[in-house]
Amino acid sequence: MKKGQILEGFVERMDFPNKGIVTLEDGKRVIVKNALPGQKISFSVNKVRKGRGEGRLLEVLEKSPLELEKTPCEHFGNCGGCTFLNLSYQEQLALKERQVKELLEPVCRTYQEQRGGREFTDIFEGIKESPRQFAYRNKMEFSFGDSYKDGPLCLGMHKRGSFHDIVTVSGCKIVDEDYSRILSGVLSYFQGQETPYYHKMRHIGYLRYLLVRKAVRTGEILVDLVTTTQIDEAAETRLLEGFVETLQGLALDGEIVGILNTHNDSLADAVINEGTRVLCGQDFFYEEILGLRFRISPFSFFQTNSLGAEVLYEMVREYVADAGNDKVIYDLYSGTGTIAQMLASVAETVIGVEIVEEAVEAAKENAKLNHLDNCEFIAGDVWKVLDDIEQKPDFIVLDPPRDGIHPKALERIIRYGVDKMVYISCKPTSLARDLEVLQARGYMVERMCCVDMFPASANIETCVLLGRK
């Protein structure tokens with residue numbers, strides 16, 4: 001096996017998140033992303049190291065028995081947004097559940113056996129599905145660009161495996177039709193104006209991203225056009241006036257409550273707020289989850305699947321309630337405070353800690369909105385501010401970023417010695433690493449459940465209840 005070779009093989013399995021495993025005739029293994037179990041594929045070898053290779057998928061020569069006859073989205077395979085849309089939803093759930101079990105069972109089994117704990121099959125409660133398989137997202141970031149070099153203006157998602165090319169996803173299935181109407185209307189308008197997009201290599205152009213957020217419960221929509229400042233002020237004013245008129249003229253099921261323009265001259269390929277102004281309406285919208293109301297700004301973190309979040313938060317609330325009420329609960333990595341406010345009814349006090357100051361301010365506002373006076377929110381890095389909090393926790397909820405918990409923060413968390421804690425993770429590999437530490441320091445997994453917050457994608461949310469032994 002050499003770099004640059006084109007080989008063929010059958011995919012034996014898929015490891016988290018989307019790594020298809022192919023074993024060659026000589027016994028060497030190759031990882032090929034986005035290849036499904038049972039497929040016969042051709043691939044190009046990109047990297048070889050210590051007898052293992054990584055390859056790039058070129059073609060599916062034979063479909064997997066697991067695949068659907070017809071994929072529900074016309075963009076699938078070309079668009080890089082979805083991974084499992086060619087599987088039935090039940091097959092998606094089964095694949096994700098198996099991946100989580102394979103990652104976490106070996107980590108848990110060792111400590112369960114050492115301490116006489118229950119079998120993994122007794123603590124693992126399976127996977128809960130999203131209430132919606134399609135049209136579940138409440139946020140999309142569409143990119144401006146072209147589908148090939150110097151082609152016409154496009155607006156949508158990156159092509160699979162491409163840093164530059166864009167697919168106009170006017171028929172995307174993971175959002176409702178209002179997103180497609182807004183995308184098509186905005187694209188048509190700027191095509192008519194011959195407005196240049198921002199070129200990542202040359203660092204010139206105006207249009208960068210279109211951020212659309214829509215609440216599932218209230219139907220309120222926020223639209224933010226992200227641009228550079230590479231334009232004459234008078235010309236920009238005229239252009240944005242037409243942009244607003246275009247949006248106001250669309251026939252939508254929901255209601256646009258705010259139209260914004262964010263300037264972003266950063267070289268990074270990401271939405272970075274360097275100043276946002278309101279073109280029409282307001283710079284926030286409202287969403288409702290489990291009877292609570294949340295005010296959300298364009299850049300606030302909020303679970304992208306509102307109905308799936310209800311399933312997850314009900315699971316968290318059940319795990320916390322198992323430990324009894326009237327507790328001081330720490331909600332660490334609290335974001336905009338959604339989990340803290342969900343737990344307010346089963347706690348004496350909830351203290352949220354979050355490093356993003358804007359998110360902390362949003363959490364405070366939302367607590368007032370929901371008339372909750374037992375929630376407190378602190379801005380700061382978890383491992384730096386924990387020692388400054390006077391009230392000590394009876395229970396800790398952890399919902400860290402994808403990379404998990406900083407080792408210094410984890411050490412301080414363990415030092416509290418609480419009887420119970422809940423760990424919510426959107427990346428089971430990070431969770432496996434942190435569970436290794438937590439269990440080595442005296443905790444055991446008592447309950448574990450997955451929630452599919454991201455149908456059609458390779459991501460999965462996992463919720464774990466730990467008890468100190």
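This structure is a prediction, so every number in the text was calculated from the model and none was measured.
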J.: Establish, from distance only, whether the side-chain atoms of Ser430 and Asp403 form a donor-acceptor pair under 3.5 Å.
T.: no
J.: Please check if the side chain of Tyr333 supplies one atom and the backbone of Val397 the other of a donor-acceptor pair under 3.5 Å.
T.: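 Judged by distance alone, no pair lies under 3.5 Å.
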J.: Test salt bridge (charged side-chain N to carboxylate O under 4.0 Å, His left out) on Arg277 and Glu236 and set out the steps.
T.: CA-CA 13 Å; Arg277 53 181 168 169; Glu236 183 178 42; 3.0 Å; yes
J.: Could you check whether any side-chain heavy atom of Phe16 comes within less than 4.5 Å of a side-chain heavy atom of Leu103, counting everything from C-beta outward?
T.: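 Counting from C-beta outward, Phe16 and Leu103 do come under 4.5 Å.
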J.: In terms of side-chain heavy atoms, does Glu54 have a donor or acceptor partner in Asn46 at a distance below 3.5 Å?
T.: no
J.: Using every non-hydrogen atom in the two residues, find where Phe76 and Leu85 come nearest and quote the distance to one decimal.
T.: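 Result for this residue pair: CD1-CB, 3.5 Å.
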J.: Can you tell me which residue pairs pass the salt bridge (Lys or Arg N to Asp or Glu O under 4.0 Å) test with a partner in residues 185-214, sequence neighbours excluded?
T.: Asp176-Lys214, Asp178-Lys214
J.: For the residue pair Ser306 and Asn138, confirm or rule out a side-chain donor-acceptor distance under 3.5 Å.
T.: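 Yes, a side-chain donor-acceptor pair sits under 3.5 Å.
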J.: What about the rings of Tyr111 and Tyr443, do their centers lie closer together than 6.0 Å?
T.: no
J.: Is there a donor-acceptor contact under 3.5 Å from the side chain of Lys96 to the main chain of Asn459?
T.: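 Side chain of Lys96 to backbone of Asn459, a donor-acceptor pair under 3.5 Å: yes, one is there.
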J.: Side chains of Tyr198 and Gln230: closer than 4.5 Å at any heavy-atom pair?
T.: yes
J.: Would a distance-only check, ignoring hydrogens and angles, find a side-chain to backbone donor-acceptor pair under 3.5 Å from Arg137 to Lys139?
T.: yes
